[in-house]
Amino acid sequence: MQITLYDTTLRDGTQREGLSLSVEDKLKIALDLDQLGVHYIEGGWPGSNPKDAELFTRIRGAPLRQARIAAFGSTRRAEVRCENDPSLRALVAAETPVVTLVGKSSPLHVDRVLETSRAENLRMIGDSVAFFQRLDREVIFDAEHFFDGWALDPEYALATLRAAADAGASWIVLCDTNGGSLPDPIRDVVRCVRERIATPLGIHPHNDAGVAVANALAAVQAGCTQVQGTINGYGERCGNVDLVPVIANLQLKLGRNVLPPSQLRRLTEVSHFVAAVANLNPDAHAPYVGRSAFAHKGGIHVAAIAKLPESYQHVDPALVGNEFRVVISEVAGRRNVRLRAEALGLDPGAGEAGVLQRIKDLEHQGFQFEAADGSFEMLLRRAAPGYLPPFEPLDFTVISEKRGGQRVAAQATVKLRVGDEVMHTAAEGDGPVNALDRALRKALVPHYPELDEVRLVDYKVRIVDEHLGTAARPRVILESARGTERWSTVGCSENIIEASWLALWDSLELPLLRNGARLPGPAPTPPG
Ligand SMILES: [Zn+2]
């Protein structure tokens with residue numbers, strides 16, 4: 001059976017603290033979700049936000065393949081005609097093919113929040129749905145607080161659904177607005193509603209009890225055929241239901257049709273793309289699509305998976321566009337190194353034992369490669385025959401200075417060699433690491449302009465004192481990005497600046513080697 005996806009990342013998703021999307025961002029995400037095969041995309045709430053009104057104007061000219069765009073708003077106010085309700089007028093002006101109306105299904109909210117009569121609330125639902133029906137819009141009715149309302153007064157909660165169904169809504173969506181419901185009651189209530197309402201049903205769960213995905217699956221098994229949620233589970237408080245595992249579970253575990261298999265393989269890419277546009281780090285441990293979702297650390301697992309892939313993984317990661325990964329650590333055996341090298345298209349050959357020894361030595365000094373795949377790749381590349389460093393850092397100086405009431409100023413100078421040329425550069429920065437990064441780039445970008453696209457996206461420091469006999473040492477992990485490509489590098493030293501320097505070095509050398517950098521000739525002389 002086909003399950004319809006309704007994405008509300010652009011509206012409910014942006015309720016997440018710290019998440020904000022520009023109109024441009026929203027357009028990019030909408031186009032990508034359309035490509036993925038999401039059936040309905042909710043663009044926003046035009047009555048509440050002028051930015052959303054602009055989105056609806058721009059999306060009318062966008063080359064969508066199949067998705068239907070929905071605008072969201074609430075039913076008309078009490079004792080107001082639909083024609084005169086500003087929020088409904090904004091929905092009319094949005095000119096979307098679909099209008100999603102949220103209405104109250106809980107008597108508690110009608111009595112105490114809306115402060116109107118229960119009969120008037122039913123008229124508000126019926127009138128508003130009928131209003132958009134007459135304008136030839138498809139109307140989806142979101143029954144707010146439906147499960148809480150059902151617990152208080154099931155007859156009234158059902159009456160709100162009937163008001164929407166009788167007025168011509170194409171979908172009735174049951175919302176677990178406070179996100180506190182559990183799967184068993186959700187399944188029972190959906191079954192009861194299914195027997196009484198003929199209109200197709202949807203589910204809109206929130207994750208406050210940590211079981212939103214389970215609630216969505218239970219609702220589908222009980223008869224809902226639409227799931228409303230967000231990519232990566234973004235949303236207010238603990239988030240909306242995460243459509244990513246919902247899609248994968250429905251399709252791979254429950255045998256429902258959600259997306260064509262070729263599109264299912266884009267799931268990891270889409271999840272990471274939406275995170276990148278939202279400027280959030282993708283959750284490495286997210287089911288199905290996290291970087292660690294199919295990563296194995298133990299040598300026994302790795303040996304078993306090499307023989308029989310399904311022995312330690314619940315599905316083939318390729319089905320959702322993810323990959324099996326071997327985590328590098330002290331416990332890793334030689335096979336791990338070989339598998340990683342092969343995945344990178346490198347042949348450590350006779351260097352394999354040397355790389356393994358080097359990892360052990362560095363880990364003893366406090367380095368850690370599990371979260372630093374970029375530095376691990378650098379170990380392999382530096383050990384590979386024919387390796388030529390695109391540059392060689394020689395010296396650095398960093399000064400941090402605070403005078404009087406001024407803010408701290410940081411300055412760095414670096415000396416490095418590119419080919420036959422030795423260069424000195426200096427730069428200021430917000431802090432010592434930022435100054436070092438700028439000074440390094442200042443020296444390198446004239447030779448390697450592609451480094452201009454490399455961004456530092458995260459900087460983490462941890463104090464390591466796991467090794468007896470060594471003083472506590474800071475370990476720095478840097479995350480860098482170029483487009484959607486990401487890599488992490490590590491440095492460790494008693495001196496935090498040196499630790500950062502080592503991680504920066506790897507982070508800038510790696511993209512050059514991946515590009516197949518050749519040593520450049522002398523830098524072009526700047527004009528003038
Ligand atoms: Zn919601």
Side-chain angles (χ1 to χ4, degrees), residues 4-21 26 29-30 33 38-49 52 69-75 87 91 96 98-106 108-109 113-114 125 128 139-151 157 160-161 164 169 171-183 186 189-190 193 201-220 224 226-247 274 278:
T4 298
L5 295 173
Y6 182 109
D7 179 273
T8 179
T9 307
L10 305 183
R11 202 252 327 154
D12 236 1
T14 59
Q15 297 298 311
R16 174 181 161 124
E17 249 182 306
L19 197 163
S20 149
L21 297 173
K26 286 187 167 195
I29 292 176
L33 294 179
V38 170
H39 309 93
Y40 291 96
I41 298 171
E42 188 176 272
W45 188 337
S48 78
N49 182 348
D52 287 351
I69 299 295
F72 177 89
S74 56
T75 53
S87 158
L91 285 170
T96 50
V98 183
V99 170
T100 299
L101 291 172
V102 61
K104 304 269 181 224
S105 276
S106 160
L108 178 77
H109 281 258
V113 181
L114 215 52
I125 295 170
S128 309
V139 183
I140 295 178
F141 179 67
D142 273 15
E144 192 188 34
H145 297 290
F146 179 77
F147 295 94
D148 301 331
W150 178 279
T160 64
L161 306 187
W171 290 92
I172 301 280
V173 180
L174 312 177
C175 302
D176 186 27
T177 309
N178 291 354
S181 299
L182 297 179
I186 293 253
V189 173
V190 170
V193 175
L201 297 180
I203 181 79
H204 178 119
H206 279 255
N207 198 34
D208 300 72
V211 291
V213 172
N215 284 346
L217 300 181
V220 167
C224 285
Q226 178 184 117
V227 181
Q228 293 193 349
T230 63
I231 299 297
N232 300 329
Y234 298 150
E236 205 166 7
R237 308 185 309 273
C238 316
N240 285 60
V241 70
D242 185 349
L243 283 181
V244 171
V246 166
I247 293 170
V274 172

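All ligand and atom numbering here is 1-based and tracks the order in the structure. In what follows, every heavy atom counts, from backbone to side chain, and hydrogens, waters and symmetry copies are set aside. Numbering starts at 1 and runs along the sequence shown.
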Exercise. Under 2.8 Å from the Zn ion (ligand 1), is there an N/O/S atom belonging to His204?
Worked result: yes

Exercise. Does the salt bridge (charged side-chain N to carboxylate O under 4.0 Å, His left out) test come out yes or no for Lys26 and Asp52, once each step is laid out?
Worked result: CA-CA 9 Å; Lys26 286 187 167 195; Asp52 287 351; 2.6 Å; yes

For this session: Verify whether one side chain among His206 and Asp12 offers a donor that lies under 3.5 Å from an acceptor in the other.
Result: yes

For this session: Give me the one residue out of Cys175, Ser74, Ser128 that meets side-chain contact (heavy atoms from CB on, under 4.5 Å) with Val102.
Result: Ser74

Problem set entry | N, O or S from Asp142 under 2.8 Å to the Zn ion (ligand 1) | no

Problem set entry | Exercise: do Thr100 and Tyr6 side chains pair donor with acceptor under 3.5 Å | yes

Seminar exercise, completed: Looking at His206, the N, O or S atom sitting nearest the Zn ion (ligand 1) is NE2

Exercise. What N/O/S atom of Asp12 gets nearest to the Zn ion (ligand 1)?
Worked result: OD2

